Protein chains: 2
Amino acid sequence: MKSRKISVHIADDHKIIIDGIIAVLEDEDDIQVVGYSCNGNELINWFKEDNKCDVLILDINMPEISGMEVLKFLKQKNIFQPTVVLSSYDDIKLIKEVIKLGAKGFIAKKCAGKHILNAIRSVIHDEEYFGPSIQELIVKNFATKTVLNGNNTNQDGILTSSLTEREIQVLKLIAKQKSTKEIAEELFISSNTVETHRKNLIKKINVKNVVGLALYAAKNNLV
Amino acid sequence: MKSRKISVHIADDHKIIIDGIIAVLEDEDDIQVVGYSCNGNELINWFKEDNKCDVLILDINMPEISGMEVLKFLKQKNIFQPTVVLSSYDDIKLIKEVIKLGAKGFIAKKCAGKHILNAIRSVIHDEEYFGPSIQELIVKNFATKTVLNGNNTNQDGILTSSLTEREIQVLKLIAKQKSTKEIAEELFISSNTVETHRKNLIKKINVKNVVGLALYAAKNNLV
DNA sequence: TTTTAGTTAACGGAAAACCGTTATATAACA
DNA sequence: TGTTATATAACGGTTTTCCGTTAACTAAAA
């Protein structure tokens with residue numbers, strides 16, 4: 001007896017990537033693409049119309065409603081949705097966030113198509129799957145974080161840190177080229193507090209100065 | 001009489017995008033994909049082995065050897081190569097650079113696949129082709145640049161400015177989170193000179209501070 | 001209920017960035 | 001042969017960032 005095909009929905013703001021994934025998946029006879037979305041809005045509406053799929057392939061870097069926010073939406077609505085997250089960058093913090101939000105698969109876009117197949121077949125069984133470059137990153141991160149000051153890591157060892165709401169808010173304003181004073185005025189807090197946030201951001205993100213913060217912000221679509 | 005197919009080579013560090021483009025092109029019976037490269041090195045070697053194609057589809061954002069550098073290589077070797085440049089970002093400065101280096105087609109990755117077909121069929125006849133979002137950008141840029149201070153624009157009106165070699169060098173080091181002093185030591189020049197360069201960069205790029213420079217550097221793959 | 005995470009705030013001193021402006025030398029260009 | 005672009009350098013003053021450290025209050029979690 002042959003079981004039903006795995007239904008897949010793809011969400012990515014780059015149509016060409018959707019085409020690419022479809023091209024990879026259509027050769028497999030246990031997988032079926034049942035739809036795609038070109039932005040977070042479309043995807044959320046698709047869910048709201050009570051559509052379903054076995055596996056969601058989700059780009060994290062989408063304008064307006066990001067993949068992250070889609071995951072938040074799903075979590076909030078208590079929708080259990082096996083998901084493979086696609087990302088342009090290898091970023092350990094991003095991976096942590098994504099795991100926190102319940103996604104089990106994570107692949108860097110630069111990785112070839114066949115890994116998506118493995119990822120789909122893993123997450124459908126609620127198993128984790130990390131693409132090759134991600135695995136490397138996790139191992140590297142684990143090593144350094146364990147040896148170095150465990151400033152961010154808590155008891156779990158790996159599932160940690162990330163920025164607070166306020167810190168993200170401050171970071172965004174820094175990335176808008178605003179000075180401490182301007183940020184303080186905008187957020188109705190003391191300049192000293194903003195400085196503290198800036199300091200904590202530099203430590204948490206492990207960069208040298210505001211330039212590092214700006215690059216981090218750019219990388220994580222906070223700009 | 002039916003003419004020979006248009007041979008196309010694709011270069012992009014994201015395999016999935018190559019797959020996507022192949023998927024789009026393989027439905028066309030006047031176009032034939034004759035090869036692909038996953039980075040700038042591979043592509044340059046491909047050319048060095050005296051391979052040829054009618055149209056090159058070139059991603060600008062590749063690690064190590066970028067698309068820009070590939071264009072420089074082709075120009076330097078006097079290889080006339082009709083090229084469609086792919087970019088993740090809509091950036092007017094980038095477009096200008098690319099035009100300077102001889103590419104005639106320019107498409108943002110977010111644009112759907114069919115535009116690539118138009119682009120290929122344009123550049124093969126040495127005609128320019130700009131994707132929809134790029135056209136918008138050019139129009140917008142033209143309007144503001146004309147109205148506002150023409151600080152960067154020279155006689156040509158559109159094909160202008162850009163940073164000097166030295167400025168780019170300094171900018172890259174700033175984006176590496178180095179201080180003025182460190183940069184000065186690395187380049188064997190005075191701190192004062194580095195400050196002058198930083199100042200000029202801020203003015204030229206029209207940003208407020210090093211954060212703006214960092215973001216510009218990130219956007220233009222100088223990081 | 002203690003513990004932890006987050007937000008707020010302060011302070012003093014060092015370092016770096018920012019600003020305007022001027023100036024010299026060189027190489028390329030018209 | 002001027003003109004222009006580029007790279008170099010200096011200077012004084014202002015503003016901002018950076019660093020370490022401490023601490024109080026709150027809300028949520030263990």
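Numbers restart at 1 for each chain; the letters A, B, ... are given by sequence-line order, proteins then strands. Keep in mind that this is a model prediction, so the values were computed, not measured.
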Novice: Starting the side chain at C-beta, find the nucleotide from C:dT8, C:dC18, D:dT6 nearest to B:N209.
Specialist: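 Given the options C:dT8, C:dC18, D:dT6, the side chain of B:N209 is closest to C:dC18.
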Novice: Side chains of A:I21 and A:V8, heavy atoms from C-beta outward: is any pair under 4.5 Å?
Specialist: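 The answer is no, as the side chains (C-beta and beyond) never meet within the 4.5 Å cut-off.
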Novice: If a protein heavy atom is under 4.0 Å from the base, mark B; if only from the sugar-phosphate, S; if neither, -; do that for nucleotides 23-29 of chain D going 5' to 3'.
Specialist: -------
Novice: Could you check how far CZ of A:R198 sits from P of D:dG20, rounded to whole Å?
Specialist: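 It works out to 13 Å between those atoms.
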Novice: Ignoring backbone atoms, test whether B:T193 places a side-chain nitrogen or oxygen under 4.0 Å from the OP1 or OP2 oxygen of D:dA9.
Specialist: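 Indeed, a polar side-chain atom of B:T193 lies that close.
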Novice: Counting side-chain heavy atoms from CB outward, which of D:dT8, C:dT8, D:dC18 is closest to A:R166?
Specialist: C:dT8
Novice: Rounded to whole Å, please give me the gap between NZ in A:K203 and P in D:dC19.
Specialist: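 These atoms are roughly 9 Å apart.
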Novice: Of B:N200 and A:K199, whose closest DNA chain D nucleotide lies nearer the 5' terminus?
Specialist: B:N200
Novice: Nearest whole angstrom, please: distance from the P of C:dA14 to the CD of A:E195.
Specialist: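 Taking atom P of C:dA14 as the reference, CD of A:E195 is at 16 Å.
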Novice: Under the side chain to side chain contact (heavy atoms under 4.5 Å, CB included) criterion, do B:Q81 and B:L58 qualify, and how do the steps go?
Specialist: CA-CA 11 Å; B:Q81 176 61 65; B:L58 178 65; over 6 Å; no
Novice: Report yes if a side-chain nitrogen or oxygen of B:H197 is closer than 4.0 Å to either non-bridging phosphate oxygen (OP1 or OP2) of D:dA7; otherwise report no.
Specialist: no
Novice: Taking the side chain as C-beta and beyond, is there a heavy-atom pair between A:I17 and B:K109 under 4.5 Å?
Specialist: no
Novice: State, yes or no, whether a side-chain contact exists between A:I44 and A:E69 at a heavy-atom distance under 4.5 Å.
Specialist: no
Novice: Could you list by number each residue of residues 168-192 of chain B showing a heavy-atom separation from DNA chain D of less than 4.0 Å, or answer none if no residue does?
Specialist: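 B:I189, B:S190, B:N192 - these, ordered by number, are the residues of the stretch whose heavy atoms sit under 4.0 Å from the strand.
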Novice: I'd like to know if A:K208 reaches the base of D:dT17 with its side chain such that a donor and an acceptor end up less than 3.5 angstrom apart.
Specialist: no
Novice: Take atom CG of B:L201 and atom C1' of D:dT6, then tell me their distance rounded to the nearest Å.
Specialist: 13 Å
Novice: Other residues, nucleotides and ligands only: do more than 12 of their heavy atoms fall within 6.0 Å of NZ on B:K172?
Specialist: no
Novice: To the side chain of A:I202, which of D:dC18, C:dG20, C:dC18 is closest?
Specialist: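 Of all the options, the side chain of A:I202 is nearest to D:dC18.
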Novice: Looking at every non-hydrogen atom in both residues, tell me the closest pair between B:E186 and B:K178 and how far apart they are.
Specialist: OE1-NZ, 3.0 Å
Novice: Look at atom OH of B:Y36 and say whether more than 12 heavy atoms of other residues, nucleotides or ligands are closer to it than 6.0 Å.
Specialist: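 Counting neighbours around OH of B:Y36, 12 or fewer heavy atoms of other residues, nucleotides or ligands fall under 6.0 Å, so no.
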Novice: Can you confirm whether A:Q177 sits close enough to B:V207 that some side-chain heavy atom of one is under 4.5 Å from a side-chain heavy atom of the other?
Specialist: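 Yes, close enough: below the 4.5 Å cut-off.
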Novice: Find out whether B:I60 and B:M68 are in side-chain contact, i.e. whether some heavy atom of one side chain is under 4.5 Å from a heavy atom of the other.
Specialist: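 In contact.
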Novice: Find the distance B:E167:CD to D:dT6:P and express it as a whole number of Å.
Specialist: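 Rounded to whole Å, this separation is 7 Å.
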Novice: Given D:dA7, C:dA17, D:dT6, identify the nucleotide with an atom nearest to the side chain of B:E165.
Specialist: D:dA7
